[in-house]
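In what follows, a single structure is set out as structure tokens and then discussed.
Letters go in sequence order (proteins before strands), and every chain restarts at 1.
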Amino acid sequence: MVKVSANSSLIFWNFLDMANERYNPRDAEPRWQAKWTENKVFETDNNDPREKYYVLEMFPYPSGRIHMGHVRNYAMGDVVARYKRARGYNVLHPMGWDAFGMPAENAAMKNKVHPKAWTYENIATMRGQLKSMGLSLDWSREFATCDVDYYHRQQHLFLDFLEKGLVYRKNSKVNWDPEDMTVLANEQVIDGRGWRSGALVEQRELTQWFFKITDFSQDLLDSLETLDQWPEKVRLMQRNWIGRSEGMTIRWDVVADAAASGHDEVTVYTTRPDTLFGASFLAIAADHPLAKAVSEKNEAVRQFCEECRRAGTSLAALETAEKKGIDTGVKVRHPLDPAWELPVYVANFVLMDYGTGAIFGCPSGDQRDLDFARKYDLPVVPVVMPRDGDAASFAVGDVAYDGDGVMINSRYLDGLSTEEAFEEVARRISAQTLRGAPQGERKVNFRLRDWGISRQRYWGCPIPVIHCEVCGVVPVPKKDLPVKLPDDIDFDKPGNPLDRHPTWRHVSCPCCGKDARRETDTMDTFVDSSWYFARFTAPWEKNPTDPSAANSWLPVDQYIGGIEHAILHLLYSRFFTRAMQATGHLDLKEPFKGLFTQGMVVHETYSRGEGLSREWIAPADLRIEETDGQRRAFLLESGEEVKIGSIEKMSKSKKNVVDPDDIIGSYGADTARFFVLSDSPPDRDVIWSEAGVEGAHRFVQRVWRLISEAAPQLSGVAAKPALDGEAMAISQAAHKTLKAVQNDYDKLAFNKAVARIYELVNSLAAPLTAAAAGKADEATRAALREAANILVQLVAPMTPHLAEECWSILGNEGLVATTGWPAYLEALVSENEITLPVQINGKKRAELTIARDADQNAVTSAVLALAPVQQALEGKAPKKVIVVPQRIVNIVV
RNA sequence: GCGGACGUGGCGAAACUGGUAGACGCAAGGGACUUAAAAUCCCUCGCCUUCGGGUAUACGGGUUCGAUCCCCGUCGUCCGCACCA
């Protein structure tokens, strides 16, 4: 694997007595990294007057070691940072750690290490790994979210949000793991059981802290339009998540009856008021107040509601659950016909936390309502018919019609379109009153819920409030911040260690001075990552931000990270930016101007055995052989053959991981960086393969060999592009590539940049070799020196160490890292003559080389004179000649 | 179920969003150098071919002088949301 040995001295290079050694990244990389650090090349000054550029990659969770996904993510960000720096921007490129969270507590329970020690040790390891990648980061701004200094400012923000009414407390249903005695997030509940304990998860009502993200629902939706440098996919996902719908609320009068205990109306939300005459029942959620009231007197209803609550947890159960309901006995009056009475059911498919927790069922227009109606034998009246339907014969069988169309069976609405009927019903019901208030109103509804941030855990940012029996919930005064996590904790028992700490929670009330207790909930770790990008702009500041620094650096110009954060992290950050604007910490709405979601690093899997006894094998433990096009894998130890399986995301469980340390150790950081950037488009998955890495490494060595061999001949001449003569081809290749690659870098098309650079190296190989042998004249050497410099600058963002090494041996002053981007010469990138493909009837039959600025007539007559064209025309005139300037000529015969 | 994306050689992919399909890399094959190997360099490489050419971008249609690109339909893969009223 390690191929960094010096070349055999037996090899005889007749033209060369030096620089015949292979490039040794283990020597060169640390050397250049030290040089960059020593010169503080990547430390950013907030007072630098140049135009700013903020590039940020999603900061890592300090899990222990970096993985290839990190390498790819950070390599991309680093290319952008180095490229923009060369283009003259004042670049901010910081790094930190998303350091709070469950794994530290799990490690504490399992290995008896303190979460703090575990976390900071991991950070130290990973910082070292990132540094070995040679990333152009401003390490002076580094922080971890578990630093007291950071969460102190987060508590400050919390208090400001609280004061602004953006934080509140309410009862809410949570997933409660009775064994671990903790709340679980939805994604931590698998098939109704806790992901760690395996215990059946219960739904519990707890008082929880919430951020009022719904205050911004409409704005978060509307502003997506302005994020034109975000992937359309992500914007769409956010749009769906916010889930805006336009409809109306309608109040239904309850028919006076002994069964209806204390409820005289039911409010439903609907997006289809036009179908009101097709209504045949109301359905309410099991948690609806009316359902609870009825339950007290009706045992059957109580049991049904109970059943619904139990079934609610697992997704699989929801999918397959039969639509079921139970008649409450309550009847309501139709809002457009007081004589019409409808039954009220409790139904298992109605959700309490969407709309009003109550719906009216229109079986002909909604498949679910139809299934329900058929099951309980409720009327099915078609009220909407497709435009081309026949009113007399139109009927609904087993399939509901939920499209637009023409109203039927709807009295005065008949003949109207669905939109017109919507308007008419909305108008009538809004004008109608029930007990002195309008019976309904137009309402925009959102799927987005407020953000519950309470976590019953230790390793998170403490929520800075105090509960006093007299004064109620009292915010911790800012002067008393930070509320620090206690260090002396034990994880012997399940549950929140803060809760059972002997002294921590006991505190006197800041208002009345009486004994009170601290809030023991800590914040969701998504809070930590919702504003770190703002903190990086002035991490030394005693307030959460320095608004002037935040306003000048933000928004982040290019944010790069995984698609898995398309919704939550990005939505929360967008909310936080708005909330911080409302509280004066910065003044903008959208934190991320450009967003790029990179693909994963995937790898083949290897295994032996079948089913339960299947055992996964790490790639490091085997060797691959190829015979007759068949690839086979064998264990290194025993030689036993194992099965080559599918290509999947690198994961510990499938053991198809490659450790970046191993790759950097044997091939160097440049090879690793270059490989993850080449081949696949950056937003797609890249397949890690040994052959691919070898290829990347060959490229690194090739560049070094070509340049270092020619360097003695080039370092003495001044770089000068050749504008004529033999050497012009060299300068043209370099300048054309320069233009193309900078265009690719602008678009983050790293794979295309790589391809272009390969082409340039291929075309420079022969002249460089000739120059090394002393067979190049002065002009050629000057052109080669210039071309070599350009090549080095082009690769510098991707393989920065190699670039510095080449830069230096070519005799250039200073560092590539601080050298400005070269400018291509227009004269060298535009050709005087172009070759046009000539098609006959759309098939290519000839080529025509002609002056670039030749007019259409000149092109036409030149084309018609071509032999293949003459032949095809057989003396006749062409039917049509299409000349696309600079592109193609097509002759129709 | 709803919404979205994608489908190009043995493989990863290009093709300036209607203009020479397969750049570049990987793998493979042949050759040079070498006692031999590694490294390096050169050549070949979608399929068929009677060597003129024919044919090919999941499949079937359409629009166009011209379609990987636009339109309609079919199949397949992946992703997001999911009882949303």
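- Pair assignment for rC69(B): none, as no Watson-Crick or G-U wobble contacts are both less than 3.5 Å.
- The phosphate of rG19(B) (OP1 or OP2) has no side-chain N or O of Asn890(A) nearer than 4.0 angstrom.
- A distance of about 14 Å separates the C1' atoms of rC69(B) and rC6(B), rounded to the whole Å.
- The glycosidic torsion of rG52(B) lies within 90° of 0, placing the base in the syn range.
- Dashed line: the shortest gap from a side-chain N or O of Lys233(A) to OP1 or OP2 of rA5(B) is not under 4.0 Å.
- Nearest to the side chain of Ser245(A), among rA85(B), rG19(B), rU40(B), sits rA85(B).
- Relative to the side chain of Thr271(A), the nucleotides rA27(B), rA85(B), rG19(B) differ in distance, and rA85(B) lies closest.
- In a base pair of the Watson-Crick type (N1 to N3 plus N6-O4 or O6-N4) or a G-U wobble (N1-O2 and O6-N3), with each distance short of 3.5 Å, rU44(B) is matched with rA28(B).
- Spacing between atom CH2 of Trp704(A) and atom P of rA39(B) amounts to 21 Å, rounded to whole angstrom units.
- Residues Gln839(A) and Arg845(A) are not in side-chain contact: their nearest non-hydrogen atoms beyond the backbone lie 4.5 Å or more apart.
- In this structure, the nucleotide among rA85(B), rA14(B), rC24(B) sitting nearest to the side chain of Glu759(A) is rC24(B).
- Among the nucleotides rA13(B), rC65(B), rC24(B), the one closest to the side chain of Lys880(A) is rC65(B).
- Here Arg244(A) does not reach the OP1 or OP2 of rC84(B): none of its side-chain N or O atoms lies under 4.0 Å away.
- Positionally, the nearest nucleotide of RNA chain B for Leu836(A) lies more toward the 5' end than for the other of Gly842(A) and Leu836(A).
- For an aromatic pair to be called close, the ring centres must be under 6.0 Å apart, and Phe675(A) with Trp688(A) satisfies this.
- As rounded to the nearest Å, rG22(B) and rC45(B) have P atoms that lie 12 Å from one another.
- rG46(B) adopts an anti glycosidic conformation, its chi angle falling more than 90° from 0.
- Atom C1' of rU55(B) sits at a distance of 14 Å from the matching atom of rG9(B), rounded to the whole Å.
- Nearest-nucleotide mapping onto RNA chain B: of Trp241(A) and Leu351(A), the residue sitting toward the 5' end is Trp241(A).
- Here Arg22(A) does not reach the OP1 or OP2 of rA39(B): none of its side-chain N or O atoms lies under 4.0 Å away.
- Taking atom CD1 on Ile563(A) and atom P on rG4(B), their separation rounds to 16 Å, with Å as the unit.
- Aromatic ring orientation, Trp704(A) versus Tyr23(A): tilted (interplanar angle from 30° to 60°).
- Of all nucleotides listed (rA85(B), rU40(B), rC16(B)), rC16(B) comes nearest to the side chain of Arg887(A).
- Using atom P as the reference point in both rG60(B) and rA15(B), the two lie 26 Å apart (nearest Å).
- For the pair Arg698(A) and rA27(B), the criterion of a side-chain N or O lying under 4.0 Å from OP1 or OP2 is met.
- Across all strands shown, rA38(B) remains unpaired; no Watson-Crick or G-U wobble contact has both distances below 3.5 Å.
- A close approach under 4.0 Å does not occur between any side-chain nitrogen or oxygen of Arg368(A) and OP1 or OP2 of rG1(B).
- Here the side chain of Leu236(A) is nearest to one of rG3(B), rU40(B), rC79(B), namely rG3(B).
- The side chain of Arg447(A) places an N or O atom within less than 4.0 Å of a non-bridging phosphate oxygen (OP1 or OP2) of rA82(B).
- Between rA67(B) and rU40(B), the two C1' atoms lie 44 Å apart (nearest whole Å).
- Figure legend. rC81(B) is base-paired to rG1(B); pairs are counted as Watson-Crick or G-U wobble with both atom distances under 3.5 Å.
- Comparing rG25(B), rG54(B), rG80(B) by their closest approach to the side chain of Ile567(A) singles out rG80(B).
- Nucleotide rC24(B) holds its C1' atom 15 Å from the CZ atom of Phe675(A), rounded to whole Å.
- Nearest to the side chain of Pro681(A), among rC24(B), rA85(B), rA13(B), sits rA13(B).
- For rC81(B), neither phosphate oxygen OP1 nor OP2 lies less than 4.0 angstrom from any side-chain nitrogen or oxygen of Arg239(A).
- Ring centroid separation for the pair Phe699(A) and Phe674(A) comes in under the 6.0 Å cut-off.
- If you take atom P in rC70(B) and the same atom in rC16(B), they sit 12 Å apart, rounded to whole Å.
- Between Arg244(A) and Glu246(A) there is a salt bridge, since a side-chain N of the basic residue sits under 4.0 Å from a carboxylate O of the acidic one.
- The listed nucleotides are rG12(B), rG19(B), rG25(B); the one nearest the side chain of Tyr758(A) is rG25(B).
- Nucleotides rU74(B) and rG4(B) have their P atoms positioned 15 Å apart, rounded to a whole Å.
- Between rC24(B) and rC42(B), the distance separating the two P atoms is 13 Å to the nearest Å.
- Aromatic ring centres of Phe281(A) and Phe372(A): separated by under 6.0 Å.
- The nucleotide rC16(B) finds no pairing partner, because no Watson-Crick or G-U wobble arrangement with both distances shorter than 3.5 Å includes it.
- Residue Ser680(A) has its side chain nearest to rG12(B) when only rG54(B), rG12(B), rA85(B) are considered.
- Here Tyr354(A) reaches the OP1 or OP2 of rA85(B): one of its side-chain N or O atoms lies under 4.0 Å away.
- For CD of Glu232(A), the number of neighbouring non-hydrogen atoms (other residues, nucleotides, ligands) closer than 6.0 Å is greater than 12.
- Base pairing analysis places rA58(B) opposite rU74(B); the two distances defining the Watson-Crick or G-U wobble pair are each below 3.5 Å.
- The nucleotide rU63(B) finds no pairing partner, because no Watson-Crick or G-U wobble arrangement with both distances shorter than 3.5 Å includes it.
- By the neighbour-count criterion of 12 heavy atoms within 6.0 Å, atom NZ of Lys649(A) is sparsely surrounded, having that number or fewer from other residues, nucleotides or ligands.
- For Lys844(A) and rG66(B), the shortest distance from a side-chain N or O to OP1 or OP2 is not below 4.0 Å.
- Ion pairing between a basic and an acidic side chain is recognised when a charged N comes within 4.0 Å of a carboxylate O; Lys324(A) and Glu307(A) show such pairing.
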